Amino acid sequence: MESELRGFNTKPSKTPQPDPTHDDASSRDDRPLLTSVSNVLELEKKCAAYVRNDVYGAMGRGELPLMEKLQLGIAFVTLLPLRIILVMTVLVVYYLICRICTLFSVPNHGEGQEDYAHLGGWRRTVILPSGRFLSKTLLFLVGFYRINETHNGSKNSQENSKTAGTLQPDEPEQRPGAIVSNHISYLDILYHMSSSFPSFVAKRSVANIPLVGLISKCLGCVYVQRESKSSDFKGVSGVVTDRVCKAHQDEYAPKILLFPEGTTTNGDYLISFKTGAFLARAPVVPVILKYPYQRFSSAWESVTGVRHVVFLLCQFVNHVEVTWLPVYYPSQLEKDDPKLYANNVRRLMASEGNLILSDIGLAEKRIYLATLNGLFCKS
């Protein structure tokens with residue numbers, strides 16, 4: 001569930017960016033540049049944010065040491081089936097909870113969206129706490145036995161925040177409109193569900209996945225059709241901005257999680273931010289995720305979904321570190337210029353998370369992955 005809002009610009013920040021509600025990059029970014037790539041090592045330097053550096057190598061197809069093969073083989077016949085059974089059990093349990101809570105309820109409809117985020121009363125009381133608890137259970141079952149969380153950030157983050165967005169002493173504290181996080185893996189969503197249970201942007205096909213579809217509707221997800229080029233994506237961008245505004249103004253409105261990068265990285269870099277999370281001019285909560293590893297990286301880069309899940313479940317222990325920075329309050333200049341707002345938040349997150357800034361985007365990722373696919377198809 002790679003949450004890439006197609007309504008946001010996908011070009012590198014060094015080039016002029018069009019209106020964030022319109023995207024015409026998909027047909028122009030990929031193929032012409034592929035013919036100019038002759039050296040894979042040179043491409044990896046350019047696309048370093050997407051390169052896997054773990055034992056399993058690019059696309060998870062690297063030559064493994066003998067000991068790693070033995071460990072993987074043992075885990076494949078013992079740990080993998082056990083975890084799959086337990087994970088599916090938890091998923092079915094939460095699906096049944098959501099099904100019961102949505103019985104005789106009419107979903108919201110609007111701008112091509114369908115969700116149950118409006119549910120209140122006992123239904124919301126059941127859906128939220130059980131969702132958070134079962135998400136934590138899922139993380140535990142797949143090997144995240146301990147989540148290292150740091151809240152409020154450091155003095156450095158607060159000092160950096162004062163150089164751009166600030167909360168004036170005579171202003172009342174404002175509710176943040178969105179959680180903005182770097183994006184490394186589908187596991188990011190599972191962590192945020194366990195922490196704050198927000199809605200998020202997902203591909204429209206997610207709504208039709210058995211079990212997961214209903215759960216995503218209870219989260220209040222905003223669905224996008226990435227392959228489509230119709231003008232309805234202007235409406236999707238508007239839906240996201242409206243959600244951010246509602247979360248900012250109404251304490252009972254569901255929180256929304258946004259990944260401003262628009263795609264996943266290997267976790268060492270922070271690529272260009274799209275402005276969609278910042279158009280509402282509301283405060284945001286920056287969150288930095290990291291997945292330390294020795295063997296297999298939890299980053300979802302160049303590895304197919306099934307292969308990644310198998311390797312992940314075969315690793316006995318997985319690690320995640322989370323840093324919650326203070327609420328970022330935009331200055332008037334940032335409110336008037338969403339690009340400035342996005343760039344300042346990005347620099348703060350990079351500084352606090354010791355992340356490397358890179359101006360590449362989804363276009364370069366597509367080139368890199370297409371090149372890898374071509375190499376492995378030939379081999």
Side-chain angles (χ1 to χ4, degrees), residues 1 3 52-56 60 67-68 71-72 74-76 78-91 93-94 128-154 156-157 179-198 200 212 215 219 255 257 259 264-270 285-301 303 305 307-326 349-355:
M1 285 187 288
S3 305
R52 295 187 66 85
N53 299 305
D54 62 1
V55 175
Y56 289 75
M67 185 58 65
E68 183 65 28
Q71 293 179 354
L72 184 61
I74 294 173
F76 187 83
T78 57
L79 191 60
L80 177 64
L82 176 61
R83 281 179 165 174
I84 289 177
I85 292 172
L86 294 175
V87 166
M88 290 304 299
T89 300
V90 172
L91 195 59
V93 167
Y94 190 55
L128 263 67
S130 61
R132 293 180 62 180
F133 173 76
L134 292 177
S135 296
K136 289 181 180 178
T137 303
L138 285 177
L139 285 171
F140 183 86
L141 291 177
V142 300
F144 292 93
Y145 305 122
R146 182 174 178 271
I147 298 177
N148 186 5
E149 291 182 302
T150 303
H151 288 268
N152 298 327
S154 64
N156 184 37
S157 67
I179 299 170
V180 293
S181 172
N182 62 322
H183 199 12
I184 303 172
S185 172
Y186 52 85
L187 295 165
D188 304 346
I189 295 173
L190 194 56
Y191 164 73
H192 283 289
M193 286 178 63
S194 72
S195 177
S196 52
F197 206 76
F200 55 91
V212 174
I215 295 174
L219 280 163
K255 299 176 181 178
L257 164 69
F259 298 111
T264 55
T265 69
N266 59 16
D268 297 325
Y269 288 77
L270 205 60
V285 180
V287 180
I288 304 166
L289 297 173
K290 288 189 174 184
Y291 296 89
Y293 65 90
Q294 292 182 342
R295 297 163 50 211
F296 177 70
S297 169
S298 297
W300 192 13
E301 285 308 318
V303 182
R307 184 183 291 265
H308 190 281
V309 170
V310 169
F311 289 160
L312 180 76
L313 296 184
C314 286
Q315 188 159 254
F316 182 71
V317 180
N318 293 296
H319 304 277
V320 60
E321 297 176 354
V322 188
T323 301
W324 288 78
L325 299 182
M349 292 175 64
S351 173
E352 288 301 311
N354 293 319
L355 301 174

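Being a predicted model, the structure only gives us computed values, none of them experimental. We number each residue from 1, following the sequence as shown. No hydrogens, no waters, no symmetry mates; every other heavy atom, side chains included, goes into these values.
- I147 has its side chain within reach of V322: a pair of non-hydrogen atoms, C-beta onward, lies under 4.5 Å apart.
- Between M349 and L355 the shortest side-chain heavy-atom distance does not fall below 4.5 Å.
- Atom CG of residue L270 and atom OG of residue S351 lie 11.5 Å apart, to the nearest 0.5 angstrom.
- Counting heavy atoms from C-beta outward, L289 and E321 have side chains that stay 4.5 Å or more apart.
- The distance from the CZ atom of R146 to the CG atom of L139 is 14.5 Å, given to the nearest 0.5 Å.
- Within the 4.5 Å cutoff, no side-chain heavy atoms of N182 are placed close to those of F259.
- Separating the CG atom in L190 from the OG atom in S185 is a distance of 9.5 Å, to the nearest 0.5 Å.
- Side-chain atoms of K290 come within 3.5 Å of backbone atoms of G353 as a donor-acceptor pair (strictly under, hydrogens ignored).
- For S130 against Y94, the heavy-atom pair with the smallest separation is OG-CE1, 3.4 Å.
- Taking CZ from F140 and CG from L134, the interatomic distance works out to 14.0 Å, rounded to the nearest 0.5 Å.
- Here T78 contributes atom OG1 and L82 contributes atom CG; the two are 8.5 Å apart, rounded to the nearest 0.5 Å.
- Counting heavy atoms from C-beta outward, V287 and H192 have side chains that approach closer than 4.5 Å.
- Put simply, the side chain of L325 reaches to within 4.5 Å of the side chain of I288, judged on heavy atoms.
- When every heavy atom of G143 is checked against every heavy atom of R83, the shortest pair comes out as CA-NH2, 3.4 Å.
- By the 4.5 Å heavy-atom criterion applied to side chains, Y56 and R295 are counted as neighbours.
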- Task: Take E301 and T264, measure what side chain to side chain donor-acceptor pair (under 3.5 Å) needs, and give me the verdict at the end.
- Result: CA-CA 7 Å; E301 285 308 318; T264 55; 2.5 Å; yes

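- Of all non-hydrogen atoms in P81 and A75, the two that sit nearest each other are CD-O, 4.4 Å.
- Residues D54 and S297 approach most closely at OD2-N, 2.9 Å, considering heavy atoms.
- Looking only at atom types and distance, the side chain of Y291 has a donor-acceptor partner in the side chain of D188 under 3.5 Å away.
- R52 places a side-chain heavy atom less than 4.5 Å from the side chain of V303.
- Across all their heavy atoms, V87 and L141 have their closest contact at N-CD1, 4.2 Å.
- L257 approaches P198 most closely through the heavy-atom pair CB-CG, 3.6 Å.
- In the displayed structure, K255 atom NZ is contacted under 6.0 Å by at most 12 heavy atoms of other residues, nucleotides or ligands.
- Interatomic distance, L91 CG to M88 CE, rounded to the nearest 0.5 Å: 5.5 Å.
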Could you give the side-chain donor-acceptor pairs of residues 308-320 under 3.5 Å, partners two or more places apart or in another chain?
unit_1: H308; atom_1: ND1; unit_2: Y186; atom_2: OH; d: 2.8
unit_1: H308; atom_1: NE2; unit_2: S298; atom_2: O; d: 3.0
unit_1: H308; atom_1: NE2; unit_2: A299; atom_2: O; d: 3.2
unit_1: Q315; atom_1: OE1; unit_2: F296; atom_2: N; d: 3.1
unit_1: Q315; atom_1: NE2; unit_2: F296; atom_2: O; d: 3.3
unit_1: Q315; atom_1: NE2; unit_2: N318; atom_2: OD1; d: 2.6
unit_1: N318; atom_1: ND2; unit_2: V142; atom_2: O; d: 2.7

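- Under a cut-off of 6.0 angstrom, the local environment of CZ in F133 is sparse, with at most 12 non-hydrogen atoms contributed by other residues, nucleotides or ligands.
- A tilted orientation is assigned to the rings of Y191 and W324, their planes being inclined by 30° to 60°.
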- Query: Does the side-chain contact (heavy atoms from CB on, under 4.5 Å) test come out yes or no for N53 and D268, once each step is laid out?
  - Reply: CA-CA 10 Å; N53 299 305; D268 297 325; 4.2 Å; yes

